[in-house]
Undergrad: 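One structure is given below, represented as C-alpha cells, and several questions about it will come after.
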Amino acid sequence: MSLPRQAVEKKVTVVMVTAGMILLGIISFKRLPQELFPPIVFPQITIITEYANAAPEEIESLITKPIEESIGAVAGLKRIESISREGRSTVTAAFNWGQDIDFAALAVREKIDLVKERLPKESGDPMVLKFDPLARPVLMLSITSPGMPPIQLKHLTEKIFKDNLEKVDGVASVSISGGLDREILVEIDQARLQANHLSLLEVIDSIEHSNVTYPAGSIKKGLYEYLIRTVGEFRSVKEIEYAVAGVDTVEKLKGHQVTILEKGSHGPRSSVDALREDVEKKMMEKRLVLMRDIAQVVDGTAEKTSISRFNGRENIAV
C-alpha cells in the first residue's frame, strides 16, 4: 500500500502526528533560548606587558621575545603574533578550534611565570587576557557643553555620568575618551636650581613628602577617644609655591667689616695670619629654599592622549 493511500485511509493517525509535531514546535520555540550575541569562545589569548618610557626596540628584545619563546611550547598553539610599541608589548597566541581556552590560559600563565625573572624590574607583570568580542561597546554617548570648561566637563563626566552608568543593570564597564585633564606643572629654572645648590631629585622628593597626610594616633579625653591625623596635602596651587624645596648651605662672615690696609701704611699689614683669621671668621648658615625661588607653578592641562569629536565639535565620548 502506498503512502498517499495510507494517509487518506488513516486520517486520525495523520491528524494526531501533525498535531504532535505542531505542539512540539510551539514548545521548542518558547523554551529555546534566543540571544543576539551568543556566547562564542574564540581560541585566542593576549599577553599585555607595560614598560613605561621604553623604546620599541627595547620592548621587543627585553619583553616580547622572551614571552614568545616561553609560550611557544604550549599544546594546541596555532600561531603567535606580537606588536612592540612604545611602553607596551602585546603578544597574541591563537589556538585551534575546540581547544579548551581556560586550560590554555592556565598553561600560558605557567610558562610566563618561568620567565618573569628575566623581564626588567621596572616593567609591570604580564596580563593574560582571553579574547572576548562582546567586550566592545554597544552604546556610545556624546557629552558636550558650550558654557562649561573642558576640564570641568570631564571631571563632571567621570564623577556623575560614569559612576551612575556603571550601576545600571547589564552594564559591564564604562570608559571615557576625549576632553582635558587638569595638571599642575612645576617649571624649574635650571640656573636658580644650581645657584641654590639643589638637585632635581631633591626637589621631586620634597614635593612628594610635602603632599601627604599621615595618621598621628589618638587622644583619650574622658569617655571619648579622638583620632588625630596630620593634614599636609596641597589644597591650592598657591601652597605649592610656598613649599620647601630644599636647604641651601651658605657661608657667612662673623665680623661686620673687614679692614683693608693700603700698601705702605704704618699699621699691621695683611699677611698669612690675617688671611687665616678671615677664614676662621666664616661660618656656615642654612637657608630654606622655597619652591617659588627656583620654579614657577602653572595650573594648566595635561597633554592630550585621546581626541573625540562629534559633528566636528570637541566632545567627551562615553
Undergrad: Side-chain contact, heavy-atom cut-off 4.5 Å: Met21 with Thr18?
TA: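 A side-chain contact under 4.5 Å is absent here.
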
Undergrad: Considering residues, nucleotides and ligands other than Glu187, do more than 12 of their heavy atoms fall under 6.0 Å from its CD?
TA: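 Correct, the count exceeds 12.
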
Undergrad: Shortest non-hydrogen contact from Glu314 to Thr144?
TA: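 Scanning both residues completely, I find the closest heavy atoms to be O-CG2, 3.8 Å.
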
Undergrad: Roughly how far apart are Ser82 OG and Ile67 CD1, rounded to 0.5 Å?
TA: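 Interatomic distance, Ser82 OG to Ile67 CD1, rounded to 0.5 Å: 9.5 Å.
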
Undergrad: In Å, rounded to the nearest 0.5 Å, how long is the span from CD1 of Ile59 to CZ of Arg85?
TA: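 Nearest 0.5 Å value for the CD1-CZ distance: 11.0 Å.
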
Undergrad: Do Val318 and Leu156 sit in one hydrophobic cluster, given that two such residues count as connected whenever their side-chain heavy atoms are within less than 4.5 Å of each other, even indirectly?
TA: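 They do share one cluster, since a chain of ILVMFWY contacts under 4.5 Å joins Val318 to Leu156.
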
Undergrad: To the nearest 0.5 Å, tell me how far Arg292 CZ sits from Ile240 CD1.
TA: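 Between Arg292 CZ and Ile240 CD1, I get 14.5 Å after rounding to 0.5 Å.
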
Undergrad: Quick check: does any side chain N or O of Lys154 sit under 3.5 Å from a backbone N or O of Gly178, one acting as donor and the other as acceptor?
TA: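 Yes, because the side chain of Lys154 sits within donor-acceptor range (under 3.5 Å) of the backbone of Gly178.
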
Undergrad: Please report the C-alpha distance between Asn196 and Arg287 in whole Å, then the side-chain angles of each, then the deciding distance to 0.1 Å, and finally whether the side chain to side chain contact (heavy atoms under 4.5 Å, CB included) criterion is met.
TA: CA-CA 9 Å; Asn196 289 276; Arg287 180 177 62 89; 2.7 Å; yes

Undergrad: Below 4.5 Å, heavy atoms only, C-beta onward: do Val289 and His197 meet side chain to side chain?
TA: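 No, side chains not in contact.
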
Undergrad: Can you find a heavy atom in the side chain of Met291 that is under 4.5 Å from one in the side chain of Ile207?
TA: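 Yes, at least one pair of side-chain atoms sits under 4.5 Å.
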
Undergrad: Given the rule in the side chain to side chain contact (heavy atoms under 4.5 Å, CB included) test, do Leu288 and Val247 qualify, once you have shown the distances and angles that lead to the verdict?
TA: CA-CA 5 Å; Leu288 293 179; Val247 179; 3.9 Å; yes

Undergrad: Would you find a donor on one side and an acceptor on the other, under 3.5 Å apart, between the side chain of Ser123 and the backbone of Tyr51?
TA: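 No, because the side chain of Ser123 does not come within donor-acceptor range (under 3.5 Å) of the backbone of Tyr51.
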
Undergrad: Should Val115 and Leu62 be regarded as members of a common hydrophobic cluster, given that ILVMFWY residues are connected when their side-chain heavy atoms come within less than 4.5 Å of each other, either directly or indirectly?
TA: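 No, Val115 and Leu62 fall in different hydrophobic clusters.
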
Undergrad: Treat each ILVMFWY residue as a node, draw an edge where side-chain heavy atoms are under 4.5 Å apart, and state whether Leu185 and Tyr242 are in one component.
TA: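 Per the 4.5 Å side-chain linkage, Leu185 and Tyr242 are not co-clustered.
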
Undergrad: Does a side chain donor of either Asn315 or Ser308 reach within less than 3.5 Å of an acceptor in the other side chain?
TA: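 Their side chains do contain a donor-acceptor pair, which is all the 3.5 Å distance test asks for.
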
Undergrad: Quick check: is Ile80 connected to Ile112 through a chain of hydrophobic side chains (ILVMFWY, heavy atoms under 4.5 Å apart)?
TA: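 Yes; tracing contacts between hydrophobic side chains, which count when under 4.5 Å, links both residues.
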
Undergrad: Once rounded to the nearest 0.5 Å, what's the spacing between atom OG1 of Thr301 and atom CD of Glu303?
TA: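 Separation between the atoms: 10.0 Å.
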
Undergrad: Around Lys159, counting heavy atoms of other residues, nucleotides and ligands shown, do more than 12 lie under 6.0 Å from its NZ?
TA: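 12 or below, so no.
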
Undergrad: How far apart are the closest heavy atoms of Ile48 and Thr46, and which atoms are they?
TA: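 Here Ile48 and Thr46 meet closest at CG1-CG2, 3.9 Å.
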
Undergrad: After noting the C-alpha distance and the side-chain angles of Val14 and Lys11, does the key distance pass the side chain to side chain contact (heavy atoms under 4.5 Å, CB included) rule?
TA: CA-CA 5 Å; Val14 174; Lys11 299 179 181 180; 5.8 Å; no

Undergrad: Output, in order, the C-alpha distance, side-chain angles, deciding distance and verdict of side chain to side chain contact (heavy atoms under 4.5 Å, CB included) for Ile45 and Ile71.
TA: CA-CA 11 Å; Ile45 294 176; Ile71 67 175; over 6 Å; no

Undergrad: For Leu198, is there any backbone N or O sitting under 3.5 Å from a side-chain donor or acceptor partner on Glu202?
TA: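 No, because the side chain of Glu202 does not come within donor-acceptor range (under 3.5 Å) of the backbone of Leu198.
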
Undergrad: Above 12 or not: heavy atoms from other molecules or residues under 6.0 Å from CZ of Phe234?
TA: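 Check passes, neighbour count above 12.
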
Undergrad: Drop me the distance from Lys78's NZ to Gln99's CD, to the nearest 0.5 angstrom.
TA: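 One gets 12.0 Å once the value is rounded to the nearest 0.5 Å.
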
Undergrad: What are the two closest heavy atoms between Ile151 and Gly300, and how far apart are they?
TA: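 Smallest interatomic distance, heavy atoms only, reads CD1-O, 4.4 Å.
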
Undergrad: Starting from Ile316, can I reach Met148 by hopping between I/L/V/M/F/W/Y residues whose side chains sit under 4.5 Å apart?
TA: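 The answer is yes; both residues are in one hydrophobic cluster.
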
Undergrad: With a sphere of 6.0 Å drawn around NZ of Lys10, does it hold more than 12 non-hydrogen atoms of other residues, nucleotides or ligands?
TA: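 No, because the 6.0 Å sphere around NZ of Lys10 holds 12 heavy atoms or fewer from other groups.
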
Undergrad: Considering non-hydrogen atoms only, spot the tightest contact between Ala302 and Glu183 and give its length.
TA: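 It is N-CB, 3.6 Å.
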
Undergrad: Would you call Phe95 and Val74 a side-chain contact if the rule is heavy atoms closer than 4.5 Å?
TA: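 Answer yes - side chains close enough.
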
Undergrad: Provide the closest heavy-atom pair for Ile47 versus Pro126 in the form atom of the first, atom of the second, distance.
TA: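 Here Ile47 and Pro126 meet closest at CG2-CB, 3.9 Å.
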
Undergrad: Give a yes or no on whether Glu86 atom CD has more than 12 heavy-atom contacts from other residues, nucleotides or ligands under 6.0 Å away.
TA: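 Atom CD in Glu86 is not crowded, with 12 or fewer foreign heavy atoms closer than 6.0 Å.
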
Undergrad: Is the closest basic N to carboxylate O distance between Lys162 and Glu166 below 4.0 Å?
TA: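 Answer for the salt bridge query: yes.
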
Undergrad: With a 4.0 Å cut-off, would you call Glu241 and Lys238 a salt bridge?
TA: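 Yes, this pair counts.
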
Undergrad: Using 0.5 Å steps for rounding, measure from the CD atom of Gln194 to the CD1 atom of Ile294.
TA: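 So the CD of Gln194 and the CD1 of Ile294 are separated by 11.5 Å.
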
Undergrad: Determine the minimum heavy-atom distance between Glu225 and Ser218, stating which atoms define it.
TA: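 Nearest heavy atoms, Glu225 then Ser218: OE2-OG, 3.0 Å.
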
Undergrad: Are Arg192 and Asp293 within salt-bridge range, i.e. N to O under 4.0 Å?
TA: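 Salt bridge between Arg192 and Asp293, a charged N being under 4.0 Å from a carboxylate O: no.
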
Undergrad: May I ask you to test the Leu290-Val244 pair for a side-chain heavy-atom distance under 4.5 Å?
TA: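 A side-chain contact under 4.5 Å exists here.
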
